[in-house]
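The chains referred to below are lettered A, B, ... by the order of the sequence lines, with proteins before strands, and numbering in each begins at 1.
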Amino acid sequence: MREELSEDELLEKVTTSEYKYGFTTDIESDKIQKGLNEDTVRLISSKKNEPEWMLEYRLKAFDIWKEMDEPNWANINYPKPNYQDIIYYSAPKQKKKLNSLDDLDPELKKTFDKLGISLNEQKRLSGVAMDIVIDSVSVATSFKDKLAELGIIFCPISDAIKEHPELVKKYLGTVVPTRDNFFSALNSAVFSDGSFCYIPKGVKCPMELSTYFRINEAGTGQFERTLLIADEDSYVSYLEGCTAPQRDENQLHAAVVELVALDNAEIKYSTVQNWYPGDENGVGGVFNFVTKRGVCHKNSKISWTQVETGSAVTWKYPSCILKGDNSIGEFFSVAITNNLQQADTGTKMVHLGKNSKSTIIAKGICAGKSNGSYRGLVQIAKGAKNSRNFSQCDSLLMGDKCGSHTFPYIEVKNSSSQVEHEATTSKIGEDQIFYCNQRGIGTEEAIALIVNGYCKDVLNQLPMEFAVEAQKLLEISLEGSVG
Amino acid sequence: MLKIENLKAGIEEVKILNGIDLSVNAGEVHAIMGPNGSGKSTLSAVIAGNESYEVESGSIIFEGEDLLELDPDQRAHKGVFLSFQYPVEIPGISVSNFLKAAISEKRKQLGLDPISAKDLLGKMREKMELLNMKKGYLSRNMNEGFSGGEKKRNEIFQMAMLEPKLAILDETDSGLDIDALKIVANGVNKLKNKKNATIVITHYQRLLDYIIPDYVHVLHNGRIIKSGGKELALELEEKGYDWITKEADKKWG
């Protein structure tokens, strides 16, 4: 027989599967001193040549943040970051403003190639318009002109603050108020870039919009801010991908994403998150504390899809405020944890409008000594008559050292609404593996196949190119983890 | 093709097979019959390489190679196929995707070029017709929500697609009504040729009216206690197992 591996040995083998994106790029960067005080906030704002109102917004947020405590209700354990030991602004040095992607720094270009983002390829296929954020700054946005013809604005948020202040002022902080939580307050004070997107009335965005986030510089935190507005009767599908180099220390990522779907609009927001998860002993990795929320006006729809495979610690609850009548919120999630990773993730569906509907499909996969938790809130207000929610939370365990937890909160304040919750926990069965083996499918492939089948409902929600990438990612994340 | 010698195997401390000898040549159909608990399913599981069973001694030589040295998937690549008595569900994976994975893996291991999607689909259509499969079957998830009969037909469909050298049908007739039984048997008969062999494991003679065996073996307490031609099956149908098992019990104790 081939090398005979016991379950323990196989589980151990997991740890040898390496993080593919763990390289750093040697690009000169412009960064500021470590630490956070009022001057840091002023410095960031001045580096970005921001208008006065933006600086005020930041300073107010900083005051609020100082008064807040880091939350500890989540089912995660981690050393609290020292917020004075982080660099709050780092930007790849670029001499001049780029006219096109062809003018990009060759080192940066190499990075994109390694990440598997071929900008030229993207251009040729003309499938996806992309904004790329390295450390704190957006370095490249493609297809800007083509989108502009339709009146679509897709640009770094720092540009939007200067070029479209009326839109930013109107919507920034309306979905996730500064005061919402510790990390959103921090983000509001120090965010340095992110993506901004506005789809005008009646426009269906003809291509996928995408942002690629990368933390590169050591000791930096990444605090990006995304604001996406879909005006009445519009449609947009938006993707984000994230990776980071392999480092021994923990890096902090505290993003805020705000979505606004006005009447009859639809937003589809997909994430493939693959931040560095730390090594097999839990050393290093990204702390991912993210606040994502969307507000749905009348007859509108927001759909969140996420594939979470990275980060040492994940704290993330993409949510929908179903404010308008007949609005729809959806949340599709696959969260994988392996080795010593911890994830506390889920969603909030807040039903305010009549006949509002929400669907939650959350699939957790735990391997190694990891811990995965689903935490969800379904809240149906008194006035949200005839609302409906369906939730399904499944967990798949591999091996006997991992843990999976479900914390569903349900609050219903009227009697005409309907809430359903289903939950299952399962292990990959030896009989399933043997069945696949007997058909000539090896054990590793069999596990990949079974896991893909398990996640199918979620993966089907992803745009084609992303689904393939996500599938591969699932396989890499679980290499060798036989349960 | 297959030569089993003095095979002893069991599960944990319990001995189930107590010395099996069996030879199967290409072009032959062997039926293995026997009362409940005689070891029929264990024998098929051990040939296929189910690791829940421990082989204590003996050998299984298949085409000159010791199967016991190979993992289950490697045995499958060599051409061993087991039609399961209880086929397993694989939620979310369609029949076509499952078979694509199985066939690609086998071709890769055998050093053959990958099969094109068009050829694969063409072949699937052809085999579906053979087994009267309904439209839409290929996109259904593996065995999920299948009736008993559909599950068994799905097994034979996979067999038709994988074209094994040795097919072991473990109680394929159980749970089938007479129409489904005829379809399955007809499929098996059409797949038969001079280069492959079939082992039919069954409780009842019924299936053997449609798949005519060259040899019939009676398994009892983990041993083959009687072998004969197809007329042996009819004799068993008429007289039951008692008359031979009693004799055997006297001999083996």
Is any residue of residues 128-153 of chain B within less than 4.5 Å of chain A by heavy atoms, and which ones?
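Listed by number: Asn141(B), Met142(B), Asn143(B).
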Rounded to the nearest 0.5 Å, how far apart are [atom1] of [X] and [atom2] of [Y]?
X         : Y         : atom1 : atom2 : result
Ile168(B) : Gln438(A) : CD1   : CD    : 7.5 Å
Arg439(A) : Phe81(B)  : CZ    : CZ    : 3.5 Å
Ile433(A) : Asn50(B)  : CD1   : CG    : 11.5 Å

Give the member of Asn452(A), Leu449(A), Ile450(A), Asp457(A) that has the highest number of heavy-atom pairs under 4.5 Å with chain B.
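The answer is Leu449(A).
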Which atoms of Cys455(A) come close to chain B, meaning under 4.5 Å heavy atom to heavy atom: side chain ones, backbone ones, both, or neither?
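Neither part, no heavy atoms under 4.5 Å.
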Is Tyr454(A) close to chain B through its backbone or its side chain, or both, or neither, when contacts mean heavy atoms under 4.5 Å?
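Looking at Tyr454(A), just its backbone touches chain B.
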Is it the backbone or the side chain of Ile90(B) that comes under 4.5 Å from a heavy atom of chain A, or both, or neither?
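Both backbone and side chain.
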Interface moiety of Pro164(B) toward chain A, non-hydrogen atoms closer than 4.5 Å
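Neither part, no heavy atoms under 4.5 Å.
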Between the main-chain N or O of Ile441(A) and the side-chain N or O of Glu105(B), is there a donor-acceptor pair closer than 3.5 Å?
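Answer holds: no.
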Quick one: closest heavy-atom pair of Cys436(A) and Phe98(B), and the distance?
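Looks like SG-CE1, 3.8 Å.
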What pair of heavy atoms forms the shortest contact from Ala76(B) to Gly440(A), and how long is it?
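Residues Ala76(B) and Gly440(A), closest heavy atoms: CB-N, 3.5 Å.
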When you look at [atom1] of [X], are more than 12 heavy atoms from neighbouring residues, nucleotides or ligands closer to it than 6.0 Å?
X         : atom1 : answer
Glu28(B)  : CD    : yes
Arg107(B) : CZ    : yes
Lys123(B) : NZ    : yes

ring-ring contact (aromatic ring centres under 6.0 Å, His included) pairs, two or more places apart, involving residues 107-127 of chain B
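Pairs touching residues 107-127 of chain B that pass the test: none.
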Should Ser52(B) and Phe434(A) be marked as a side chain to side chain contact (heavy atoms under 4.5 Å, CB included) after you check the CA-CA gap, both sets of side-chain angles, and the distance that decides it?
CA-CA 10 Å; Ser52(B) 310; Phe434(A) 177 63; over 6 Å; no
Side chain to side chain donor-acceptor pair (under 3.5 Å): which pairs involve residues 79-102 of chain B, sequence neighbours left out?
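Residue pairs passing side chain to side chain donor-acceptor pair (under 3.5 Å), neighbours aside: Ser41(B)-Gln85(B), Ser83(B)-Thr172(B), Ser94(B)-Ser96(B).
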Under 4.0 Å between a side-chain nitrogen and a carboxylate oxygen: does that hold for Glu445(A) and Lys108(B)?
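Salt bridge flag = no for Lys108(B) with Glu445(A).
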Test side-chain contact (heavy atoms from CB on, under 4.5 Å) applied to Lys8(B) - qualifying residues, sequence neighbours left out:
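Counting only residues at least two positions away or on another chain, Lys8(B) forms a side-chain contact (heavy atoms from CB on, under 4.5 Å) with Asn6(B), Glu56(B), Ser57(B).
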